[in-house]
A.B. asks: 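One structure follows; several queries about it will come next.
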Amino acid sequence: MAASVLSQGPSLSQAGTDLLRSKSLDRNSYDSGDWFNALHWDCRDGNGFGRGLPPAADNQDKWPYAKPLLAAGTVAPNCAQIDGLGRLPRPAHHPLHREGVLPAHGGPGPVGAVLPLSGKDETPGVITMRLGKLVVVINAAPDTAEQRLAAPEGKTYALHPVQAEGADSTVKRARYDGKSATFTVPGRTAAIFALR
């Protein structure tokens, strides 16, 4: 979802994905009923996480993994995490997009400059985008990733205040080292950095 929300142009989230709705890991909830498909707009009860093992038909082979995760009670999102997701700084709302400097949907223009690490320099599972004063690093890989991208002369990057002051403790470990020009981002994390 981070790749969609943090990219150029409009994005769409379906039925509570933006509220961290989990359906208790049900892979195919079409016939699962309201117990697994309920959506609470007010973020109560972790928005459905841990309601029980999802139905056997499409999920039984994953029960050995799902059961301890769902029973742990430590991975359900709380209201601060759910509310914080809606406050992410979004490059799609950045003035460069609104003013038409960078075209949406990959049209002609300087969009290639937004993805500075590509080709032989890319890191598998990691996307790094630069847009004006923002750098977005989406690390879909399981391990911490390092991306090298120098800040402009005399400047440095810091984690965007929305994430630095938010409820996600994992993203708070993301950092930028100006000496080595390196962004370090934990696995399965999308981090937004701003010039300071």
Side-chain angles (χ1 to χ4, degrees), residues 1-13 16-21 43 46-47 75-106 109-118 121-196:
M1 186 164 164
S4 174
V5 170
L6 298 173
S7 295
Q8 287 182 296
S11 65
L12 171 70
S13 60
T17 303
D18 53 338
L19 299 177
L20 303 179
R21 181 180 183 213
C43 77
N47 222 342
V75 290
N78 59 41
C79 287
Q81 292 166 326
I82 292 170
D83 291 343
L85 187 64
R87 295 187 321 114
L88 277 179
R90 298 183 180 183
H93 300 146
H94 193 277
L96 288 176
H97 285 273
R98 288 196 303 271
E99 295 167 11
V101 175
L102 295 175
H105 309 297
V111 172
V114 174
L115 300 172
L117 301 176
S118 59
D121 296 324
E122 70 184 322
T123 304
V126 182
I127 297 172
T128 301
M129 301 183 287
R130 180 169 31 205
L131 176 60
K133 297 179 179 180
L134 301 177
V135 169
V136 176
V137 180
I138 300 173
N139 181 6
D143 299 319
T144 297
E146 291 185 348
Q147 299 289 89
R148 285 178 177 75
L149 186 65
E153 187 72 29
K155 300 282 186 177
T156 189
Y157 287 100
L159 192 61
H160 194 285
V162 170
Q163 289 188 306
E165 298 164 12
D168 184 344
S169 59
T170 301
V171 78
K172 289 180 182 183
R173 296 196 320 258
R175 62 190 181 280
Y176 178 74
D177 178 11
K179 290 183 181 178
S180 63
T182 302
F183 293 92
T184 303
V185 177
R188 312 275 193 242
T189 300
I192 299 139
F193 297 87
L195 271 179
R196 59 178 188 174

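None of the values given here were measured: they were computed from a predicted structure.
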A.B. asks: Can you find a side-chain donor-acceptor pair between Thr123 and Gln147 that sits under 3.5 Å?
C.D. replies: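 The criterion, which ignores hydrogens and geometry beyond distance, is satisfied for Gln147 and Thr123.
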
A.B. asks: Distance from Met129 atom CE to Ile192 atom CD1, nearest 0.5 Å?
C.D. replies: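 The CE atom of Met129 sits 8.5 Å away from the CD1 atom of Ile192.
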
A.B. asks: Does any pair with a residue in residues 130-156 pass ring-ring contact (aromatic ring centres under 6.0 Å, His included), and if so which ones, sequence neighbours excluded?
C.D. replies: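 Pairs touching residues 130-156 that pass the test: none.
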
A.B. asks: Which atom pair, heavy atoms only, marks the closest approach of Arg130 to Ala150?
C.D. replies: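 Closest approach of Arg130 to Ala150: NH1-O, 3.6 Å.
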
A.B. asks: What ring-ring contact (aromatic ring centres under 6.0 Å, His included) pairs are there with at least one residue in residues 166-187, not counting sequence neighbours?
C.D. replies: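 For residues 166-187, and leaving out neighbouring residues, the ring-ring contact (aromatic ring centres under 6.0 Å, His included) pairs sorted by first residue read Tyr157-Tyr176, Tyr157-Phe183, Tyr176-Phe183, Phe183-Phe193.
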
A.B. asks: In the structure I gave you, are the side-chain heavy atoms of Ile138 and Val126 within less than 4.5 Å of one another anywhere?
C.D. replies: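 No, side chains not in contact.
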
A.B. asks: Has Asn139 got a side-chain atom pairing as donor or acceptor with Val185's backbone, closer than 3.5 angstrom?
C.D. replies: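 Present.
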
A.B. asks: Can you sort out the partners of Thr144 under side-chain hydrogen bond (donor to acceptor under 3.5 Å, both in side chains), two or more places apart, ordered by chain and number?
C.D. replies: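 Thr144 satisfies side-chain hydrogen bond (donor to acceptor under 3.5 Å, both in side chains) with no residue once adjacent residues are dropped.
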
A.B. asks: Does any pair with a residue in residues 182-195 pass salt bridge (charged side-chain N to carboxylate O under 4.0 Å, His left out), and if so which ones, sequence neighbours excluded?
C.D. replies: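 Sorted pair list comes back empty.
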
A.B. asks: Could you state the interatomic distance from CG (Asp177) to CZ (Arg148), rounded to the nearest 0.5 Å?
C.D. replies: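 Here the rounded value is 9.0 Å.
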
A.B. asks: If you apply the rule salt bridge (Lys or Arg N to Asp or Glu O under 4.0 Å), what do you find for Lys155 with Glu153, and how did you get there?
C.D. replies: CA-CA 6 Å; Lys155 300 282 186 177; Glu153 187 72 29; over 6 Å; no

A.B. asks: Give every donor-acceptor pair under 3.5 Å between a side-chain atom in residues 166-174 and any protein atom, sequence neighbours left out.
C.D. replies:
residue, atom, partner, partner atom, Å
Asp168, OD1, Thr170, N, 2.9
Asp168, OD1, Val171, N, 3.2
Lys172, NZ, Gly166, O, 2.8

A.B. asks: Does any pair with a residue in residues 122-142 pass ring-ring contact (aromatic ring centres under 6.0 Å, His included), and if so which ones, sequence neighbours excluded?
C.D. replies: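 Of all non-adjacent pairs touching residues 122-142, none passes ring-ring contact (aromatic ring centres under 6.0 Å, His included).
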
A.B. asks: How would you list all residue pairs meeting ring-ring contact (aromatic ring centres under 6.0 Å, His included) that involve residues 126-155, not counting sequence neighbours?
C.D. replies: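 Residue pairs passing ring-ring contact (aromatic ring centres under 6.0 Å, His included), neighbours aside: none found.
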
A.B. asks: With Arg175, which residues qualify under side chain to side chain contact (heavy atoms under 4.5 Å, CB included), at least two apart?
C.D. replies: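 Listed in chain order: Thr184.
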
A.B. asks: For a 4.5 angstrom cut-off between non-hydrogen side-chain atoms, does Leu149 reach Thr128?
C.D. replies: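 Contact flag for Leu149/Thr128 side chains = yes.
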
